[in-house]
Q: 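Structure in C-alpha cells, see below.
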Number of protein chains: 2
Amino acid sequence: MTPEIPDIVIGRLPIYLRELTLLREEGYEVTSSHELGQRLGISSAQIRKDLSWFGPFGKQGTGYAIAYLQEQLKKILHLDREWQVALVGAGDLGRALARYGGFAHRGFRITRIFDNDPAKIGSYVGNIKVLSVRVMKEEIERIGIQVAMVAVPAAAAQQVTDALVEAGVRAILNYAPIVLAVPEGVHVQHIDPAAHLQHMTYYLG
Amino acid sequence: MTPEIPDIVIGRLPIYLRELTLLREEGYEVTSSHELGQRLGISSAQIRKDLSWFGPFGKQGTGYAIAYLQEQLKKILHLDREWQVALVGAGDLGRALARYGGFAHRGFRITRIFDNDPAKIGSYVGNIKVLSVRVMKEEIERIGIQVAMVAVPAAAAQQVTDALVEAGVRAILNYAPIVLAVPEGVHVQHIDPAAHLQHMTYYLG
DNA sequence: TAGATTGTTAATCGATTAACAATC
DNA sequence: TAGATTGTTAATCGATTAACAATC
C-alpha cells in the first residue's frame, strides 16, 4: 500500500509548481530547496521533505532542474491533461471567474456555465453561452466533467452542490459562504475572502 | 504578557463567526460546541479549545448564547467597527470584488478603487470612481486606510504592494499568483483559486 | 435531581526542523 | 578535490483529541 501522504503536503505542491513556473519565466533552469524556500517563505527542509514523499527529484550539490521538477509535479497533481470545469452562477463573480485568464496555463478550462436566472440564460460570457441549470446534470454527465466552481448565493449553494455531485462532479471550488456537505470521495475547497480579511484584522489594533 | 495565540486558531474564528450568523438567521438562539462542530466538520473539542484561549463564553449544560458569542468574536477580530478597504486593479476580478455583496455584512467596505489604465481611470464601478494609482498613496494616507485588496497582474503586484505598505496599509488580500514580500508587521493572505483546483485534482484519478 | 455541556488538563498524534551521511 | 546540496532520520515542536471534574 502507498504511504498516506498528508493532505497538507499536497496543498503545498501547487505553490511549488507556481513558483517553479515563475523561476523558469525569469530564465532560471536550476534551483535549490534553499532558493525556493527563500522565495516562498518556507524552510528548505520542508520543501525537501515534501518532495521526498514522491521521489528523488534533485541532484546533490546542484539542486533541482526546474523543467523536470515542474513536469513531475504536474504529473503528481494530474495536470498532465486539461480539466474541463463547469461553473455554476453567472453573476458578477461567476462572470469574472469565467473571464479570468489565470486558469488556462494551470490546467483548467471553464467550458460550461449554468444559471437559473432566465435573464441570464442564453447570454454569453466571453464565448460561452449560459445554460439553464435544468440541463446541467445532462450536460455534465454527457461531457464527463469532474470539476466545478460554485458561485451562487449561499441559499442555493447546497442544492447546486447536490446536483453537481449527482451529475458526477468530484471536485468543487466553493465561493458561497457556507460549508457544503458532500459524500465521501467528493472534494471541496472553500474560498472566503471576507474570512481572510477577518483573520488579518485580528492583528490590527 | 498575553499567551501567544496560535495563528491557526485565529484563522478559525471567522469560520465560527460565519456559522453563528447562519445559525442565528435560521432562528437559533443557543448552540453547542457539538452542533457547531457537526455543521463545520470540526471536532467539538477543538472548538471549545479554540474559544478557551479568549475566555469562557458558554454555560455548562446549555452551551453558547449565539448572539453573545457572535458579539465576542467580533470584538476579538476587531469587527466592532467597519474597515475601509482600498482595491487596486479595476479589471474583471477587481470589478467583481467591488460589486461583491459579501463584504458589507462582515465588516468591510471598499471605498477606493485604483488602476493605472487611463481607459479605466475616471470610470465608475458601482458608485465608486476609479482613481489613478498616482494618487493612491495620498488618498490612502489621508483616509487612513489599513486594509487593501490586490487584483492586478502578477507582474505589477509586488510594486503595488510596496506602494500600499508605504502608504500605511497593514493587511493585504492578494489575488495575484505570486508570493508578496512585505515587512514585519504587515499581513498578507493569498487567494489562488487555481492552486485550490490543483490541490483537488491530485485526488482525481 | 438527572442530563447535558462546558472549560481544561494530559495524552496522543502529526508536522516541522535540525542535522548529517551520501554524493554530485 | 572542495564545496554544495540532496534525501532521510531523529528530535523537536505544536496541534488535536480524549477524558472528566465542574456546574448549569
Side-chain angles (χ1 to χ4, degrees), chain A residues 1-17 19-20 23 28-73 76 179 199 202, chain B residues 1-17 19-20 23 28-73 76 179 199 202:
Chain A
M1 215 174 123
T2 321
E4 206 46 64
I5 297 165
D7 183 66
I8 198 163
V9 170
I10 307 301
R12 280 191 293 262
L13 301 185
I15 310 305
Y16 299 160
L17 181 55
E19 199 65 29
L20 289 169
L23 277 162
Y28 295 91
E29 299 198 335
V30 171
T31 189
S32 66
S33 60
H34 180 73
E35 182 175 49
L36 212 44
Q38 280 265 308
R39 294 176 61 125
L40 292 172
I42 288 178
S43 79
S44 62
Q46 179 161 85
I47 291 173
R48 291 198 303 280
K49 187 95 202 328
D50 285 353
L51 296 177
S52 76
W53 284 93
F54 302 95
F57 299 120
K59 218 179 250 180
Q60 285 104 325
T62 54
Y64 303 93
I66 294 175
Y68 176 72
L69 183 52
Q70 236 183 332
E71 193 190 325
Q72 294 307 305
L73 288 179
I76 291 164
V179 174
H199 183 161
Y202 171 80
Chain B
M1 212 175 128
T2 322
E4 204 46 63
I5 297 165
D7 183 65
I8 198 163
V9 171
I10 307 301
R12 280 191 293 262
L13 300 186
I15 310 305
Y16 298 160
L17 180 56
E19 200 65 29
L20 289 170
L23 277 162
Y28 294 91
E29 299 199 335
V30 170
T31 189
S32 66
S33 60
H34 180 75
E35 182 175 50
L36 212 43
Q38 280 265 308
R39 294 176 62 123
L40 293 172
I42 288 178
S43 79
S44 62
Q46 180 160 86
I47 291 173
R48 291 197 304 280
K49 187 95 199 335
D50 284 353
L51 296 178
S52 76
W53 285 94
F54 301 94
F57 300 120
K59 219 179 248 180
Q60 284 105 323
T62 54
Y64 303 92
I66 294 175
Y68 175 72
L69 183 52
Q70 235 183 335
E71 192 190 326
Q72 294 306 307
L73 288 178
I76 291 164
V179 174
H199 184 161
Y202 171 81

Q: CD of A/E35 versus P of D/dA4: gap in Å, rounded?
A: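 Answer to the nearest Å: 15 Å.
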
Q: Rounded to the Å, how far apart are B/Q60 CD and D/dT23 C1'?
A: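 Result: 5 Å.
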
Q: Measure from CZ on A/F54 to P on D/dG7 and round the result to the nearest Å.
A: 13 Å

Q: Compare the minimum distances between each of D/dT16, D/dC24, C/dA18 and the side chain of B/R12, then state the nucleotide with the smallest one.
A: D/dT16

Q: Under 4.0 Å between a side-chain N or O of A/T62 and OP1 or OP2 of C/dC24?
A: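 No.
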
Q: Please indicate whether B/Y28 has more than 12 foreign heavy atoms, meaning atoms of other residues, nucleotides or ligands, lying under 6.0 Å from its OH.
A: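 No, OH of B/Y28 has 12 or fewer neighbouring heavy atoms, counting only those of other groups under 6.0 Å.
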
Q: Where the side chain of A/I8 is concerned, which of D/dT5, C/dA15, C/dT5 is the nearest nucleotide?
A: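 Nearest listed nucleotide: C/dA15.
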
Q: If each of B/K49 and A/Q46 is mapped to the nucleotide of DNA chain C with the nearest heavy atom, which maps nearer the 5' terminus, i.e. the 5' end?
A: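 With B/K49 and A/Q46 compared, the 5'-side residue is B/K49.
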
Q: Considering the options A/L51, A/L23, A/I42, which one meets the side-chain contact (heavy atoms from CB on, under 4.5 Å) requirement together with A/L36?
A: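 The side-chain contact (heavy atoms from CB on, under 4.5 Å) with A/L36 is passed solely by A/L23 among A/L51, A/L23, A/I42.
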
Q: A/L69 versus A/L73: any side-chain heavy-atom pair under 4.5 Å?
A: yes

Q: Measuring from the side chain of B/S52 (C-beta onward, heavy atoms only), which nucleotide among C/dG7, D/dT6, D/dT8 has the closest atom?
A: C/dG7

Q: Taking all non-hydrogen atoms of both residues, which atom of A/D50 and which atom of A/Y16 are closest, and how far apart?
A: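 Closest approach of A/D50 to A/Y16: OD2-OH, 2.6 Å.
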
Q: Quick one: which of C/dA15, D/dT5, D/dT17 gets closest to the side chain of A/P6?
A: C/dA15

Q: Identify the two heavy atoms, one from A/H199 and one from B/D7, that lie closest to each other, and give their separation to 0.1 Å.
A: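 Closest pair (atom of A/H199, atom of B/D7, distance): NE2-OD1, 2.8 Å.
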
Q: In whole angstroms, how far is the P atom of D/dT23 from the NZ atom of B/K59?
A: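 For the pair B/K59 NZ and D/dT23 P, the rounded distance is 15 Å.
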
Q: To the nearest Å, how far apart are B/I47 CD1 and D/dA15 P?
A: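 Distance, rounded to whole Å: 17 Å.
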
Q: Is any side-chain nitrogen or oxygen of A/Y64 closer than 4.0 Å to OP1 or OP2 of D/dG7?
A: yes

Q: Do you know which two heavy atoms are closest between B/I15 and B/L40, and how far apart they sit?
A: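 Between these two residues, the closest heavy atoms are CG2-CD2, 3.7 Å.
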
Q: Could you tell me how far apart B/L36 (CG) and C/dG7 (P) are, to the nearest whole angstrom?
A: 13 Å

Q: Figure out the CG/P separation between B/D50 and D/dT17, and round it to whole Å.
A: 10 Å

Q: Under 3.5 Å for both distances, Watson-Crick or G-U wobble, that's the pair rule; now give the dot-bracket for DNA chain C, with | marking pairs to another strand and [ ] for crossing ones.
A: ..||||||||||||||||||||||

Q: Between B/R48 and B/S33, what is the shortest heavy-atom contact and its length?
A: NH1-OG, 3.0 Å

Q: Classify B/S44 by what it touches in the nucleic acid, base, sugar-phosphate, or nothing, heavy-atom distance under 4.0 Å.
A: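 Here B/S44 touches no strand at all.
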
Q: Which comes earlier along DNA chain C counting from the 5' end, the contact point of A/D7 or that of A/R48, where each point is its nearest nucleotide?
A: A/D7

Q: In whole Å, what is the span from the OH atom of B/Y68 to the C1' atom of C/dT6?
A: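 Answer to the nearest Å: 14 Å.
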
Q: OP1, OP2 of D/dT16 versus side-chain N and O of B/S43: anything below 4.0 Å?
A: no

Q: Taking the side chain as everything from C-beta on, heavy atoms only, tell me whether B/V179 gets closer than 4.5 Å to A/R39.
A: no

